[in-house]
Structure formats: C-alpha cells, structure tokens
Amino acid sequence: MKIHEYQARQIFRDYGIPVPDGVLCYTVYEVEKAAREMDRMVVVKAQVLAGGRGKAGGVKLARTVEDAVAAGKQILGMDIKGLTVEKVLVTDAVDIEKEFYVGLINDRNTKSITLMVSAEGGVEIEEVAKNNPEKIIKYSINPLTGLLDYQARNVAMELFGNIKLAQKAASIFIKLYKLYIETDATLAEINPLVLTPENEILAIDGKMNFDDNALFRQPKILAMREPDAEELQEIAANEKGLAYIKLDGNIGCMVNGAGLAMATMDMIKLYGGSPANFLDIGGSSNPQKVIDAMNILLSDKNVKAVMINIFGGITRCDDVAKGLIKALEIIMTDIPIVVRLSGTNAEEGLALLKETGLPTVSSMSEAAQKAIELSKR
Amino acid sequence: MKIHEYQARQIFRDYGIPVPDGVLCYTVYEVEKAAREMDRMVVVKAQVLAGGRGKAGGVKLARTVEDAVAAGKQILGMDIKGLTVEKVLVTDAVDIEKEFYVGLINDRNTKSITLMVSAEGGVEIEEVAKNNPEKIIKYSINPLTGLLDYQARNVAMELFGNIKLAQKAASIFIKLYKLYIETDATLAEINPLVLTPENEILAIDGKMNFDDNALFRQPKILAMREPDAEELQEIAANEKGLAYIKLDGNIGCMVNGAGLAMATMDMIKLYGGSPANFLDIGGSSNPQKVIDAMNILLSDKNVKAVMINIFGGITRCDDVAKGLIKALEIIMTDIPIVVRLSGTNAEEGLALLKETGLPTVSSMSEAAQKAIELSKR
Amino acid sequence: MSILVNKDTKLVVQGITGRDGKFHASKMKEYGTNIVAGVSPGKEGETLDGIPVFNSVAHAVKATGANTSIIFVPAAFAADAILEASDAGIALVIAISEGVPIQDMIRITPILKLNGTLLIGPNCPGLITPGEALVGILPAMIFKEGNIGFISRSGTLTYEVVNLLTQNDFGQTTCVGIGGDPVAGLYFIDLLEMFENDPETKAVVLIGEIGGDAEEQAAQYIAEKMTKPVVAFIAGQTAPPGKRMGHAGAIISSGSGTAEEKIAAFNKAGVPVAKEPGEIPELLRRRLAEQSK
Amino acid sequence: MSILVNKDTKLVVQGITGRDGKFHASKMKEYGTNIVAGVSPGKEGETLDGIPVFNSVAHAVKATGANTSIIFVPAAFAADAILEASDAGIALVIAISEGVPIQDMIRITPILKLNGTLLIGPNCPGLITPGEALVGILPAMIFKEGNIGFISRSGTLTYEVVNLLTQNDFGQTTCVGIGGDPVAGLYFIDLLEMFENDPETKAVVLIGEIGGDAEEQAAQYIAEKMTKPVVAFIAGQTAPPGKRMGHAGAIISSGSGTAEEKIAAFNKAGVPVAKEPGEIPELLRRRLAEQSK
C-alpha cells in the first residue's frame, strides 16, 4: 500500500523528524489562504500516488500569493500518469544548501532492512543506482539489534563529514528506522533530505510503502489508504479472495494460482495475443468465487475472449467444472470462453463442460491459441 | 527506585492489563466519597513503600460505606515498618476464585529477564521460593526475541491448564514484559493475579522497582518518585556525588569506593563497634565533597566518632589530606575523628594531617579500633 | 536418495485442528508420510486421524522425537509458530501459511540461523520426495519417483510443470516449492547445492518468476559450482512493473527483477530457459543427452 | 604468562578525548601499554599524546589492528560503544563507564556472545598484567609482577588488598576488577578458569561482595574444577538487606546474596575466607605451603 507525500510527512513529524510546515489544499481558495497565512515563498506540490511529479509540472515554486494561486490553478485537476490531481500540498520553500537521499528498504538477499544514503539527493534514486552506483552507501541493518546509534552516526559521517551535522542526520535515520519498523513499511524514503544554510537538516519530501500483509495490525496506516479507481477494483477483488490486476490487452484470464496465472499471461503473449488482466482465483472451487471472478473480468469492456486455465491439484477439476457451469448459468455473456482443465479429475470435469458446449482443451498452449483465435472474430 | 501500588496499577492499566477500579484517597472524607460512589464492597489499602502491609493491618475489606470510613480512619496515619500511611487506595473488592503470582525480574546468572509464575499467589513469593520452590515456574526470556506469544501461552497453560484462560493470562504476561522493558524496570510483580468466578483475570496488586541508572531516560517514572525522609537524604547525597545510606550504629564512616566502604563497616563490626552509615565519596579529592560528606555524616545525631578511610589510587592522598584540612576548618565539630590514609602519597598526606592534630593511622584495622575506642569516651 | 524429507522424516503438524491442517494432515498421512504429532494449544491428549495432539511443539518433540514441522496456523501467528518449532529443536520447518508480514520474517531469520533451523516458505506448497514423504499441500498423484530435482517459487505452476515431467517419464527425487514471498527460508542456491550433492539427482528443473534477483544468483551459482544440468522457466514476462502479481515477491521494482534480466542471466550461465512450460521436458532431454556424451 | 592482556595487547581507547579517557590514556601509555588508537567521532586525523584518533572503532581497527578496547564514554552511550567495538571485531572490551542501565547490558550480552567478544565491566576499574599492560584506571604503582591471580568486584578494596599482597611479596600475574554491576561481562567462574589454565598463576585471590550468587557459583566451580589454591574475602557482612551499597550489584534481596551464605559456600569448597583484608596474605601463605607439601 502506498500513501501520499503529505501523509508520509505527517508520519515523519509524529516520530520527531523535522519537516517544514505544510497545508493540504483541495481548492484554489484553500491554496490562496494557505499561502497568505504562511506569508513567505512556498512550494505547491501535487499529491498523487505517482513518481515524477516534478517533471510532469506538478511541483511549482511560488514567490507570492498570486504565484501560489496560479500554481494551484495549474496543478489542481491536472493529469499525472493517468491520475487526476485532487489535492496539493502548500509548503514552506526551504533554502537549500545541499540535497541528500535517505531510504530504508527490505532487502531480499540479506533478509534484512537496508539503509541507503546518498549525497545525490533530490533525483530519483533509481537513476543514481543505474548511473553512479558508487554514490549510494548501503548499510544492512542487523535485525537482532536494529539500527544502532554508532551505525547511524558512522553512515552519517560518511555523508556529512562533520560530527554536528552527522549527529543530527543520525538521529533522523534512527527515527526513520523506528517508524519503518512500527508501521510495517516496505519502503521509507526522504528525498531530498536537505541541509539549509542555517545548518538545519529537514525532510522535504517523503515516500512510504507498506506491507499489505501487515495492514491487519496497522489500523492507522490502513486509515490512510486512498485508493484510485483501479486500486479499488483490486481491493474489492481481494476481499472476495481473488487477486486481480487490470492490464491493457483483450483476452481475459481466470487462473488458479499466481505463478500459473503469470505463465498464462505469458503464453497468450507468446502466441501473439494480449492479456486483459492477471486474475488468480486461488485454491477454491466455490461457484460464487467463479461468479465473482467472471463479473470482475467482464467489467473490463476491452475483453473480447476469456481463457480459463485450471490445474486441479487438491482442488478437483470436476468440482471446478460444476462451479463454472453454475456461474455461467447466472452470468450469461456473449464473450467467447475457452476452458482448459488439467490435473485431478480433469477428464470428468471436461466431460461435464462438454455438455454446456463450451470449447474445452487440455493444454495451456492450446487454450491460449484458441482464446486468441476467438478474440479476433 | 520503588513506586506505590496505585502507581504500578496505573502503569499496568496504561499497558492494557485489566485492573479493578480504584481511587487514591488522602483523607477519610475522600474514602467515604469513593466508597459511596463505588457503591459495592471495597478494599481500603495503605499506600506505603513497604512489604507486608496486610499483616500490619494496612489492608481492610469494607462491606459498607461505614466500614470503609472506619477502615480509612484506622489506616490513614498508621505506622507500617516505620513509614506513616499518608494515603490509601479504595478499590473494588473483586470476587476471587483463585490467586496466582506473576513476576518479571532481572536474572544475573542467565543475564536475561526471567518470568516467574506460581499458582501460589497472594502470599510473598519469597516464602514460596523458600518453602515450595517447585511451585514456581521460571522461564528465562531470550533478550534477542523478547517474550514470544508461544512462550507466554505455554507458561500460562502450565498455570491454568485451560486454553481460554491461558490466552488471557498470556496476553497479560506479554503486556507486563512490554512495560518492563519500556520502563527499565528491575522488578514487576502482579501478586495476586486473580481469576474471578466469571473467568475474568485481573491484576489486584502490583509492585514495581526501576533501575536508578536508567531514570535519565524514564521521565515518566522519575516523576512518580515519592521518597521518604531517609531516601531524600540518600538522593541529596547522590546529587552531591556521594553514596550514603544511614545505619543504626554510632561510628560514622567516610570512605572512597563502595567495596572499601563495605569492608570498613565490616571491620568496625569485627572489632566490636557499630557503623552509623555507608558513605562512599568516590574518586575525587575535592574539598567541597569532603565537606558535604562530613555534613551528611554528622547530621546523624547517633554518631559518636568518625572513621575516615582513604586508599589513594589515582587520587593522591596528599590531595585528599588537603581537602580534609579545608573541610575541617569549615565544619568545626567536637566529634572525634580518626583518619587512615594509604596508597599513593600516603606519607605526605599523613604528614600534613599530623599538623592538625588529628589521630592518623595507616591501616584499616588500626583505624577501626581507634574509632571504636574514641566512640566510647 | 533425496533432499530434506524422506522415510526418516518424523513430522509434527502445527495447527492440526484447523480446517487446512486437518485436511492436509490426512492427505499426507494417506501418502505415507510419518506424521508423529499434531500441535493445537489446549487440545493435548486428543487424537486426530490417529495422530496424537499436543499443547506445544516442545511437548510433541519430547513425546515423539519429531524432527520436521509443517505449519498451517494463520499468517498473523506464523512467525511465532516457526520460532516455537525452531526453539523446540525442529531441524526443518515448512511454513504453508500465506500472508505473513515481511518484517516478521526478517525478525525471525537470524534466530533460525542461530538455532540451526532450516525453513521452507512461508506461502509455499511444501515439498515431496515421491514414494517417501509428502510434507505440504502438493497433489500427490502427479509426482513420480525418479531423478529430477525440482525447485519452484510458485504453486499451481509447479503442478503444471511436474505433471508434464511425469507424463514425459521424468520422475523426481524431491520437488520443493520455496514460496513466493520476498523474504523466505531456503532459496534457489541452497537447494541447488543440496541437489548437486544428492547422488540420485541427475538434473534440476528450476521455475522462477519476476521480482528479486534470486534467479540471477542461482544462474551465477550454477555457472560456478554445478556439474548437473539445469533447465529453467520464468513466469511473469508480461507482468507490468510495480504491480504485485498475487505473490508478494512477484513485483518488479524500478527496472530490476524483470523476466528479461533473469532469462539473460540463465542463458549466460548456459541454462536453457523454456519459452513455455510445454518445452521443459524436451530441453531436459537434450541437456541430459549432452551430459551423457 | 598472564590472562587477557599482555605485551601483544593493541589497545583502542573509546572516548579518548573526554576528561577521563584522556587522563587514563596517558597513564596507561606511561605504564607501557601498547595504545594504538583512540576513537572520538569527528576527530579523525587528530592525535592525542601521540595516539592517532579515529571517527569509529572500525576505522581504528582497519588502520591499526587493535584487538582490545577500553571504554570511557558516558553510561548512556556505553552499550552502543561496546557493540561498536564488538561489531568491529575487537576480541576483548573493558567498559569503565559507571551507571550503565541494566537492560542495556541484558540486550547486548547475546550479541557479544554471537560476535565472540569478551567483556569486562561495565562499572569496573579494568585489569593489569604487571610489567606488561595496564588496561584500566588501576593505580599502577601498587602492582608487582608475580604469580598470584586476582579477581575482584570492587575498586578501592582491590587496591587495598593488592597493596597488602605486594607488601607481602605476593606479586601478581593479572589483576582483574570485574565491576560491581548485577549484569556484567566476565565473571568469577570465567576468570577462575583462565587462571587455572595459566601456567604462571600459582594461586588466586578472590574479592567478592554481597548481592547475587556469583561467589556461590565460584565456590562450586573451585570445588569441582580447580587445582590451584584460592583465598577469598567478602565485603558487606554488615550491609542491611534491600539497600544498594554504592554498587548496583551490592544489594541483598530477600534473603539471598548475603555475606553469610557466600562465606559458607566458600568454606564448604575448602576456600579460606579472610575476616578482614589484613588476613589475606597469611591465608595465602598457608594455602600455598599446604599445596607444596
């Protein structure tokens, strides 16, 4: 789960990380009021769950209230990577001496949390990682001790080379680690962390992602969720026990198991088609789940054909077939469907389906080819 | 540092451990008001920093408001182990099915925190440890993991033999561990933890001690400190860089180093005397410290003679002697003083003191014998 | 021979009285797995399908000498259950539970290492040594004794491929589903090493997917250390970046973890990568033929 | 021979620019201890009394090969400094700092064990191998080379007794002040074992005090494992229960940790306990004479 910059900044603030003042605004009027009250140079920043807001024109410096109003007018309602900007953050424009990057991330290889810092702040860290990997300092944190004072200080010394600044920065690293642990984050970035001419260190922009599997114990984080339309669909699917992700193609897929679902999408592509979605119905043969899955699938108007790919394991194919038959009785659609059943009791399942007149096949590749053919009619 | 029962109960409550309602009362009028508002059977409990309050008559069950008033009258102002009862806790009298003991303590041997539980609750655990040690279950907690759910549950199962109750108790153990860690406790006891006829589990009485060395990072705990007169003296001495504990004898001691100070007290006893105090002036030869120490020492009217025992290490004895001379010029006392100086520059120090006419010796045993002799004049 | 589980496996089932635990305990027992105990706090003394139930893993180990555990408890309690097994001296833990918080896994990993416990999963289908022991939720009938080692990050895709292998007469020494989570127990390299050292195993099939760089590491390991042929398949070539494809681990972040990178790494290591699952048996046949030349 | 520190000790002083660190670094250097580095964050590149200063222990170890560390940082930062030394590969850490929170010590103890680091202290005067290395705040002039091992929980009482030993011509192999805190690093048993294995050491003097049961454990260890004579003294026989006698560890709680119990344990183990420090040399002489019969 992702949150907005303004929400990340609030979490930072709750943990004592210094963040410049800011006001969240939904209207140009609110922007004007905020800029007037702040009575100094401000930055107006689009709050959308997408990277590259600056490049897209979603971040503007405003020297006067009039500038701020103009920026608000421009940014509110604009489209950034397909997302409409519904709110902006009006925040103090801080004098910047130097920009740094600080991030925490789960590292699969070391099976630990890694602290990453760089003197190349303010740009996307992925760019730095690609072009100047030597400019990123990575420190793997021992889960048994957490980020220790001396470690944070030593890393900060590498970055600042000055003990007073290093101690300020180290304190921020430790607070960031604490909030990372306590919120079950999977990513926490301060970018940029800035040094001001007055030798203050401030978090100017923040990005946080959280572990969906841990949201059950993170009510405060869950309350921050602001899903867009696409995510709402995914969440709704999740609540029905389905994993659904919309894609751009025209062949709808319904598969049991995530790996097989990905392999199914790949197969469609391999044979020249284009998958309309990822959809994993999991291990159940419950007809209701099949109905829900079909409804979600078919709500995508691009879908021209459906490929159902089931490998029966513990789940028996004849049970799945019965579920499918019931589901299709209820749903009634003109979209052509091809069903592939394999594994436990596949023959019985295929026999049941034959009676319904649905095209059935017994291999994935056949199913993919058939679905592509049907989608072109 | 110790706190009162009512304070421990408040900490328990803050961490979600179920505790019956209670009101702290300083006057009989407050007791009456509390009992009337509670409108049920209550217990009136003396709040003093001493064990064995029940035996001393400091805990009384009151069936009616009149009973509560009578109990309040009896208990407020009473003396328990030399402490005057200045306040009482008026608390719900809970129906008790069974009483248990739960405690956490730092264990020197395993260098970890140990969870101790017993079905023999409501009595002093030291008694159980002495008479029925097999009735105490001890569980050493791995500092790397903290008290894990399964561990708390398994210990609770031993105690309750019933999974529903065990889960309630385990949740209390885990909360107790959390508060123990977060408050830098050195002891946290719930005694008794009671099971009610309604299968509720409640903490009826609590006792907590804290690590004095950690109070610098425990402002909330420090704010709970309610020292008695004797402790105030110890705290005042501490603030001057001295460690002072009043004892019952008549020979005042001033020593550098805790081990040597204890050995000095022992030596006085060995030769038939009785030490009036433990007093460690630490490693400094600062005259002000010597003055402060003498002032504290002589404020005890039982003191009939003073033994000063200094072993010069890094600290030079001649420096200490100079400090002493200055101190004695200011203090002016009739109490006889014997000084033993040994170690670095002892001879120079002794020479300086000779001029003052103070009796000086070079061994501990001589000093003790001389002090005892002087105390008997 | 085989790796990890065999006739000597003495299995304890944690969460045996739950719906999944009960069902799969029966299936495993039916297959011939030596299930010696179940754990369900508060139910000590009961039996389930003839299996004695204990309050704790420690009790189960003491009474039965269990050396392997399989975990079916809900995700929120899985890390605790894994530690319970590990602290009780269990040498191999298989965690089936899906949806375990990542930081729980990070937290327990060093403790498992200290205790010397091997973990498979979480969010995995378990493993099987055909003809000896099934420790997981894999559908037994698709497996067959033989000399192919099998490692996969996914569930039903495993079944799909194993089924193809069995149909093409490639039986298996041991098939391991390592699970789709980003922070998990045994990983490709660990298992490749075990298969390399298993005299019975002649070749290995590895099913990877997008996300992380375990496949790249596996490729490097194969190039440097392995003498036995390996054939691979990577799922998720069409998955868009930044989206989590069912598995928490199957997410491409910022240009790393893509199928292309993984396939390139395997090709560089001389490991043929199948374009689709159906190709795997043929690739395997070819590599084995090359090897025997 | 000796234990723990000697001519090969390469010492780094953590907190070298503080008042105590600076003073004692000079004293130790003056004694001949091989101080190779100091640590004080932000002062890398400076020197102090000819000793190069580094920002971190890791830098110091890398540049100088330091193998032992002594810590003078304030109590609130001591545990962190100990871990820094341990993580940097220092094999022996001596923590002088007084007033370290007990839970800090509990927290770091297992990490030190994992790293294989030995700790002495906190709240200790350090140790000395006369004629070779002084690592601590002990007053050098009272010590003398010889063959008595010395272990004590206290500071000035150590000086008192060592002074008596030296005056009576009992020189010392190594004298260790283990500190007065309830949770500390090396304890009596660990050091008794080292002295037992040190060919140079002929007998051991042990100075205990009230609180805990380290003395009782030491008595048992001596009875079961030691061949060399041990003489003991216990401070705090007149201390009242429940009061903390300067040392956090010197507190008698609920009828355990009393001097009587400790003395009884030593007597049972055949270890003579001096009534007062002055008796120790005579007891030592007698035990050594018995031994040589």
Side-chain angles (χ1 to χ4, degrees), chain B residues 105-109 111-113 124-126 129-130 142-144 180-181 184-187 211-214 216-217 234 243 245 247-249 255-263 265-271 274-275 278 280 282-283 309-315 342-344 363-365 368, chain D residues 23-24 27 75-76 99-111 125 137-139 141-142 152-160 163 180-184 207 209-214 217 233-240 243-250 254-255 259 275-278:
Chain B
I105 193 163
N106 291 334
D107 182 347
R108 294 159 185 256
N109 292 336
K111 298 180 185 179
S112 65
I113 297 162
E124 285 203 22
I125 195 67
E126 288 83 359
K130 204 181 286 173
N142 182 347
L144 294 179
Y180 188 92
I181 292 291
D184 272 303
T186 53
L187 174 77
D211 183 358
D212 290 342
N213 285 339
F216 73 89
R217 63 186 180 198
E234 290 166 18
I245 292 165
L247 302 171
D248 297 330
V255 190
N256 66 331
L260 192 59
M262 282 193 284
M265 289 155 50
D266 294 348
M267 184 83 82
I268 291 169
K269 190 87 166 196
L270 184 68
Y271 286 99
S274 179
F278 167 94
D280 171 13
N309 184 14
I310 303 294
F311 193 96
I314 300 302
T315 312
S342 190
T344 315
S363 90
M364 270 175 79
S365 55
Chain D
F23 177 78
H24 289 290
K27 289 273 174 197
V100 180
I102 299 174
Q103 290 194 12
D104 284 4
M105 294 310 301
I106 290 177
R107 197 166 44 77
I108 70 170
T109 295
I111 308 288
I137 60 172
L138 303 147
M141 68 286 175
I142 60 170
S152 170
R153 273 169 76 180
S154 87
T156 44
L157 181 57
T158 295
Y159 313 159
E160 176 83 40
N163 196 43
D181 276 7
V183 174
I207 308 295
E209 61 186 34
I210 52 166
D213 63 353
Q217 290 186 33
F233 175 74
I234 304 294
Q237 302 180 37
T238 47
K243 288 290 187 182
R244 174 175 154 163
M245 294 286 140
H247 288 175
S254 44
K275 285 201 185 59
E276 57 159 303

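Please read all numbers here as calculations on a predicted model, not as lab measurements. The basis for the numbers below is simple: all heavy atoms, side chains too, and nothing from hydrogens, waters or symmetry mates. Just so it is clear: chains get the letters A, B, ... in the order the sequence lines come, proteins before strands, and each one is counted from 1.
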I'd like to know whether I102(D) forms a side-chain contact (heavy atoms from CB on, under 4.5 Å) with T186(B), so could you lay out the CA-CA distance, the side-chain angles of the two residues, the decisive distance to 0.1 Å, and finally the verdict. CA-CA 8 Å; I102(D) 299 174; T186(B) 53; 3.9 Å; yes
Could you give the distance from CG (N163(D)) to OG (S363(B)), rounded to the nearest 0.5 Å?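 One gets 11.5 Å once the value is rounded to the nearest 0.5 Å.
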Nearest 0.5 Å, please: how far is OG1 in T156(D) from CG in L260(B)?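 Rounded to the nearest 0.5 Å, the CG-OG1 separation comes out at 4.0 Å.
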Is the shortest heavy-atom distance from the side chain of [X] to the side chain of [Y] under 4.5 Å?
X       : Y       : answer
P277(D) : M267(B) : yes
I106(D) : N106(B) : yes
E276(D) : M364(B) : no

Sort [X] into side chain, backbone, both or neither according to what part of it lies under 4.5 angstrom from a heavy atom of chain B.
X       : value
I108(D) : neither
I207(D) : neither
A184(D) : backbone

Which answer fits S274(B), side chain, backbone, both or neither, if we ask what part of it has an atom under 4.5 Å from a heavy atom of chain D?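 Contact with chain D involves no heavy atom of S274(B) at all.
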By a 4.5 Å heavy-atom criterion (distance strictly below it), what part of F216(B) contacts chain D: side chain, backbone, both, or neither?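 Contact with chain D involves the side chain of F216(B) alone.
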Quick one: closest heavy-atom pair of [X] and [Y], and the distance?
X       : Y       : value
P143(B) : R107(D) : CB-CA, 4.4 Å
K275(D) : L270(B) : O-CD2, 3.8 Å
V183(D) : R108(B) : CG2-CA, 4.5 Å

Residue N109(B) excluded, over 12 heavy atoms near CG under 6.0 Å: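 Result for CG/N109(B): enclosed.
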Is it true that a side-chain atom of [X] and a backbone atom of [Y] form a donor plus acceptor pair closer than 3.5 Å?
X       : Y       : value
K111(B) : T109(D) : no
Q103(D) : A214(B) : no
T238(D) : K269(B) : no
D266(B) : Q237(D) : yes

Kindly indicate, with the supporting measurements, whether the criterion side-chain contact (heavy atoms from CB on, under 4.5 Å) is fulfilled by F311(B) and T158(D). CA-CA 10 Å; F311(B) 193 96; T158(D) 295; over 6 Å; no
With chain B as the partner, which of A76(D), A75(D), G278(D) has the greatest number of non-hydrogen pairs under 4.5 Å?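 Looking at each of A76(D), A75(D), G278(D) in turn, A76(D) comes out on top.
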Among the listed options I181(B), N142(B), D107(B), V255(B), the residue most often paired with chain D at heavy-atom distances under 4.5 Å: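 Heavy-atom pairs under 4.5 Å are most numerous for I181(B).
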With a 4.0 Å cut-off on N to O distance, would you call D104(D) and R217(B) a salt bridge?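 Yes.
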